[in-house]
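Report on one structure; see the data block that follows.
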Amino acid sequence: MMVFIRAYSNRSCNALSVASTRCSLLKGYLDSRKNQKCQKYSTNTGILPKNCKVAICGGGVMGASVAYHLAQLGWGPQTIVIEQDKLGGGENSFSSDLVGVFKPTLSQVRLCQSSVKLYQELESQGFQTGWKQCGSLCIARTRDRMIVFQRMKSQSVSWGIKCEIIDPQKAKELCPLIRIDDIKGALWIPEDGVADSYKICLSLLEAAKQKGVVVLENCKLLEVVCDNGKVVAIDTSMGSVDCDYYVNCGGFWARTIGQRSNPSVKIPLHPVEHYYLRTNPIPNLDSQTPVVRDQDGSIYFRELNGCILAGGFELEAKPAFENAKCPDTSAGRQLLADWDHFHVLLEQLLHRVPSLANASLDNLVNIAETFTPDCKWIVGQAPEIANYYVAAGMKTVGISAAGGVGQGVAQTIVNGYSQYDLYELEMSRFLGLHNNRRFLRDRVREVPGRHYSIQYPNNEFKTGRNLRMSPIYPKLKEAGAVFEQVMGYERPTWFEPELSKDHLHTYTNTRQFTMAKTNTFGKPDWFDIVEAEYEACRENVSLLDYSSFTKLDIQSKGREVVDLLQYLCSNDVDVPVGSIIHTGMQNIRGGYENDCSLIRLSENHYMMIAPTIQQTRCKIWIQRHLPSDNSVSLTDVTSMFTAICLMGPFTRHLLSEMTETDLSPKSFPFFTYKELDVGLANGIRALNLTHTGELGYVLYIPNEFALHVYNSLIQAGKKYNLKHAGCYAMKALRVEKFYAFWGQDLDTSTTPLECGRSWRVKFDKGMNFIGRDALLRQQEEGIKRLYVQLLLNDHDPDTELWSWGGEPIFRDKKYVGATTSTSYGFTFKKQVCLGFVQNLDSHGNALPLTNEYVLSGEYEVEIAGTRYPAKVNINSPNLPTKYPDKERESYFATRDKMVSEPLLRNN
C-alpha cells in the first residue's frame with residue numbers, strides 16, 4: 001500500500017481551462033441575425049442547419065440517449081446534438097459504469113430498468129455497449145442493513161426486480177474474493193451488471209445519425225436565445241440555429257450552461273472529488289465477478305478487463321472547483337489524487353478484499369463529479385424558460401439512468417407527457433436558495449455519502465439548515481421544537497419537553513436547534529410525545545406551525561381569474577365570497593398537477609394554499625396558463641404570512657376570547673373564511689379548517705403581527721392547557737382520517753376518481769377544464785386502481801418493524817399494490833397504511849375494479865419479509881371522540897358516500 005501512495009501521490013493533473021466567454025443577444029432573436037453585435041456568433045459555417053425542432057447540448061451518454069429516442073419517435077431529421085469537446089468524453093473518459101436497478105423510488109427503478117432493456121436491445125442489433133450481466137452482491141455488516149435488504153426484497157415484488165437474501169457462505173461462493181467473517185448476510189441481484197458508457201454513447205449516436213440526427217463535436221454553446229419566455233434559438237461557435245426545444249445534457253457543465261440564457265436557468269449542481277482505483281491485471285480473476293457493494297464500508301468494486309476497479313462514497317466528500325471556475329474539457333476534470341482523503345476508503349477495500357494488498361496498482365484517478373443538493377437526478381422542463389429541458393445530475397451513475405431518462409425526455413417533448421412519472425425529479429422541486437453556491441458547496445459534502453448510508457425513515461440533511469424560518473421560529477425552539485426541513489423551511493416535527501425545560505436554564509440564542517431523527521425501522525423514540533400531541537389535537541387544544549405551506553394570491557379586475565381557475569381546476573371554484581373549495585388541478589391525463597385549497601377573498605381575488613413542496617411547481621403550472629393579456633395577477637405570498645393552526649374541540653372558545661367576531665357555526669361555518677382581528681392585530685385571514693379533518697382554524701397572519709398573535713394565543717391558551725404539536729402528529733391525524741397528500745399519495749399519474757374524490761370533480765360546471773375528457777373516459781371505462789386504507793392486525797408496534805411506505809399489499813396471497821403513506825393510528829391502536837390496490841390478471845395487466853373485488857378477499861401487508869393481515873377501508877372512518885361535533889362528522893376526505901362514487905358500482 002505504501003508503494004501505491006509513493007507512486008501516485010505525485011501524479012499531476014491537467015490544468016484548468018479558462019471559463020467560456022458569453023454574449024447576450026438582443027431581444028427578438030429572429031430579427032437580430034443581421035445585427036452587427038451578433039455577427040461574431042452567427043457566422044454560419046454551413047455545417048449547422050439553419051433550423052431544427054430540438055437542439056441538444058451535450059454529447060455524452062445522456063444527450064445521446066435523448067437524441068436516439070427522439071429519432072425513434074420520428075424527429076431524427078429535426079434534431080441536432082452539439083458537443084464542446086469529444087463525444088462521450090473521449091476514449092480516455094473514466095467511469096465505474098455500474099448498472100444497478102435498485103433505486104430509492106419506483107420512478108427511478110423504472111428508468112433504470114428501461115436502460116438495461118435498451119442496452120440489451122442494442123447488443124442484439126450489433127451495436128457495442130459493453131453490457132455484461134454479472135449481478136450485484138450487496139453485503140451487510142449490521143442488523144439494520146439486513147433490515148434494509150429485507151425491505152428491498154419485499155419491494156422487489158412490486159418493482160419487478162429479481163433478488164434474494166443470502167447467507168454469508170453463499171455470498172462467498174458468489175464472490176470468493178471477499179471476507180465474510182464480519183457480515184450478517186447479503187442481497188443478491190442477479191440481473192444487475194456493468195456496461196461501457198463510452199461505447200453506449202457512440203452506439204446511440206450512430207443509431208440516431210442513421211435516422212437523420214446531426215451530431216457535431218468541438219461545437220461550443222454560447223447562448224440559448226429566448227423570446228417571450230420561450231426557447232427560439234441557440235448560438236454556437238459554429239453558427240446559429242433556430243429551434244423549438246432545447247435540452248441541456250451538459251453533465252458536469254450543466255449548471256454553467258444554464259447560465260448561458262436570459263433568464264438564466266438555475267441548475268443546482270456542485271462538483272466533488274470522486275475516486276476510482278484500478279489494479280493491474282489479477283491472475284485468474286473471473287470475468288463474471290459480480291459487482292460488490294459494501295455499503296457499511298462505503299465501498300464497491302467490480303471486475304474490468306481482468307483488473308479490479310474500486311471506489312466508494314465517503315461520508316464527507318471534498319468539494320471541487322470551489323472558486324466556481326470549472327474546466328472546459330473532460331481532461332480538466334481530473335485532479336490530483338489526495339491519498340490522505342482516499343485512505344478511509346482504501347482501508348475498507350483492503351478489509352473486505354484482503355488479497356488486494358498483494359495486487360499492484362495501475363492508478364488512482366480523482367475525477368470531479370457533480371451532485372444535486374437532495375441526491376436525486378434532475379429531469380424535466382426548466383421553470384424559468386418554456387421548452388428548455390434538463391437531464392443532468394446523475395451522480396456518477398448516469399449510465400444506469402440514461403436509457404430511461406432519454407426516453408422520458410423525448411416522449412415529453414414529442415407527446416407532451418411521458419410514460420414515466422417524473423415529478424419527483426423535476427427542477428420545480430427546488431427554490432432559488434438551492435442554487436446558492438455556498439449552500440451547494442456545504443450540502444455536497446454530505447450528499448455522496450447518502451448513496452451508501454442507511455436511509456432511516458424521515459432522514460434529514462445536516463447542512464444548509466436554518467435558512468427559511470417563520471417569525472415564530474425562536475418561540476417554537478424555546479417550546480422544545482425538533483425540526484425537519486422542507487423546501488429549505490424549518491418546521492417542527494414534535495416538541496421535546498426536556499428541550500423546553502432546558503430553555504429555562506439557557507439563553508435562547510446560544511442553544512442550537514434540534515434536528516429530527518428516526519434512527520430505527522421500528523417503534524421510534526418520539527412515539528409517546530407524538531401520541532400526547534395527537535391527543536391534544538383531537539380532544540383539547542393544540543397549536544401547529546403551518547407557515548411552510550405554499551400561499552399564492554390570484555386576482556384580476558374582472559372575471560378573468562374565475563375563468564382561469566375554472567379551466568385549471570376540476571372542482572367548481574365559482575363559489576360565494578368567503579367560501580373555501582378543495583380542488584385538484586389536473587393534467588390532460590387527469591392526474592394531479594396540484595392539490596390545493598382555494599379561498600375566495602372577494603369576487604375576483606383568490607388565495608391558494610398548496611403543499612410546501614409545490615411552491616415552485618404549482619406557481620409555474622399556473623403561470624404557463626395565464627392569459628397573454630396580463631389580465632390575471634399571480635403573486636407568491638408564501639413568505640408574507642405566518643400560518644398558525646389552532647386545532648381541537650375547544651379552539652372556538654379560545655379564539656372567541658381574542659376576537660370580537662362571531663365564531664358560532666351559523667356565522668362562521670366549516671370550510672369558510674373570515675378576516676379577523678386577533679388580540680391587537682388585524683388583517684388576519686382565518687380559515688375554518690385544519691387539513692386533517694379535526695376541528696380548528698388556520699390563521700394566516702401578516703408577518704409583522706405573528707409574534708404578537710402567537711404570544712397572545714399562548715397566554716390565552718394556558719387555561720385550556722394548550723399544547724404545541726408538530727407535523728408528525730398532523731400526519732397521524734390525516735392518515736387515520738384517510739386524507740391523501742400530494743407527493744405522498746397523489747401525483748401526476750393519480751386521478752381524483754382513483755383516490756375517492758370524484759365528488760370534487762364537477763363535470764357539469766358549465767365550462768371545460770384540463771383533464772375533463774380523460775376523467776370522463778375513465779369514468780366510462782372504470783378505474784383500474786383504488787386508494788384504500790389498511791389497518792394492520794396481529795402486529796406488535798413495540799417489538800416488530802413498522803411500515804414506513806412502499807410495502808407490498810397482497811389480496812388472497814396475490815400481489816395487488818403498495819402502500820404510500822403510513823402512520824401509527826393512536827385511536828385505532830394499530831398501524832395504519834394508505835395505498836393503492838389493483839385487480840391484476842395472470843399477465844400483470846390491470847382490470848377494472850368493482851366493490852365486490854375491493855371489499856372482499858383477505859388482505860396482507862408485507863413488512864421486511866413478514867406479512868401482517870389487514871382490514872381494508874374505502875371510506876373515511878368516523879373516529880370516536882369525547883367531544884362529537886356535527887361539523888367534524890359531516891366532512892370526509894375520501895368517499896363520503898358510496899352513492900356518490902359511480903366508479904365503485906358493481907358491473
Side-chain angles (χ1 to χ4, degrees), residues 105 107-108 111 224 226 229-231 245-249 254-255 258-259 261 263-269 372-394 405 408-409 411-413 416-418 420-436 439-440 443 467-468 485-489 548-552 554 568 584-589 591-596 608-626 634-639 741-744 746-750 770-771:
T105 65
S107 294
Q108 295 176 55
L111 294 172
V224 178
C226 306
K230 186 177 180 179
V231 170
Y245 299 88
Y246 169 78
V247 189
N248 182 342
C249 297
R255 185 174 187 269
Q259 297 166 358
S261 61
S264 63
V265 173
K266 300 179 179 65
I267 303 174
L269 294 169
T372 61
D374 62 356
C375 204
K376 293 181 181 179
W377 308 326
I378 298 177
V379 181
Q381 190 170 190
E384 298 88 349
I385 303 172
N387 293 353
Y388 185 125
Y389 287 82
V390 179
M394 299 298 148
V405 169
V409 171
Q411 289 175 344
T412 304
I413 290 173
Y417 59 88
S418 164
Y420 308 102
D421 198 344
L422 300 175
Y423 77 92
E424 66 174 279
L425 305 177
E426 291 178 354
M427 292 176 61
S428 57
R429 71 183 189 266
F430 297 118
L431 294 169
L433 67 89
H434 294 112
N435 196 48
N436 179 285
F439 169 85
L440 287 170
R443 175 58 63 84
L467 288 175
R468 302 179 74 197
Q485 187 185 66
V486 183
M487 290 294 275
Y489 221 112
S548 68
F549 283 12
T550 297
K551 315 170 195 72
L552 302 179
I554 316 170
L568 289 176
M585 291 185 176
Q586 321 307 140
N587 53 42
I588 60 174
R589 294 166 293 161
Y592 279 92
E593 290 294 330
N594 188 26
D595 181 46
C596 62
M608 189 185 83
I609 308 299
T612 303
I613 60 173
Q614 282 278 65
Q615 185 172 352
T616 300
R617 197 174 192 282
C618 67
K619 181 173 63 177
I620 296 302
W621 179 256
I622 297 172
Q623 279 180 346
R624 289 184 173 154
H625 292 89
L626 289 176
L634 174 67
T635 308
D636 187 346
V637 296
T638 301
S639 298
F741 266 31
W742 199 94
Q744 298 178 48
L746 310 179
D747 55 35
T748 57
S749 64
T750 304
I770 299 174

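Just so it is clear, the structure is predicted and the values come from calculations on it, not from any experiment.
Judged by distance alone, with hydrogens and angles left aside, the side-chain atoms of Q614 form a donor-acceptor pair with the main-chain N or O of E593 at under 3.5 Å. Using a distance-only test at 3.5 Å, with no hydrogens or angles considered, no donor-acceptor pair links the side chain of K266 to the main chain of S264. Judged by distance alone, with hydrogens and angles left aside, the side-chain atoms of R255 form a donor-acceptor pair with the main-chain N or O of N435 at under 3.5 Å. With hydrogens and angles ignored, the 3.5 Å screen pairs a side-chain donor or acceptor of T550 with a backbone N or O of P611. A donor-acceptor distance shorter than 3.5 angstrom exists from the side chain of N587 to the backbone of T748, with no hydrogens or angles considered. At least one donor-acceptor pair under 3.5 Å links the side chain of Q586 to the backbone N or O of G591.
Proximity of T372 to L269: side-chain heavy atoms (C-beta onward) are separated by under 4.5 Å at one or more points. Taking 4.5 Å as the limit, some side-chain heavy atom of I622 sits within range of a side-chain heavy atom of M585.
Between Y388 and Y246, the angle of the ring planes goes over 60°, which puts this pair in the perpendicular group of the 30/60° scheme.
Summarising the geometry of G743 relative to Y423, their closest heavy-atom pair is O-OH, 3.5 Å, with the distance given to 0.1 Å.
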Inset, instruction - Show your reasoning for whether side chain to side chain contact (heavy atoms under 4.5 Å, CB included) applies to N248 and V224. - result: CA-CA 10 Å; N248 182 342; V224 178; over 6 Å; no

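Side-chain contact of S418 with Q411: a donor-acceptor pair under 3.5 Å is present, judged by distance alone.
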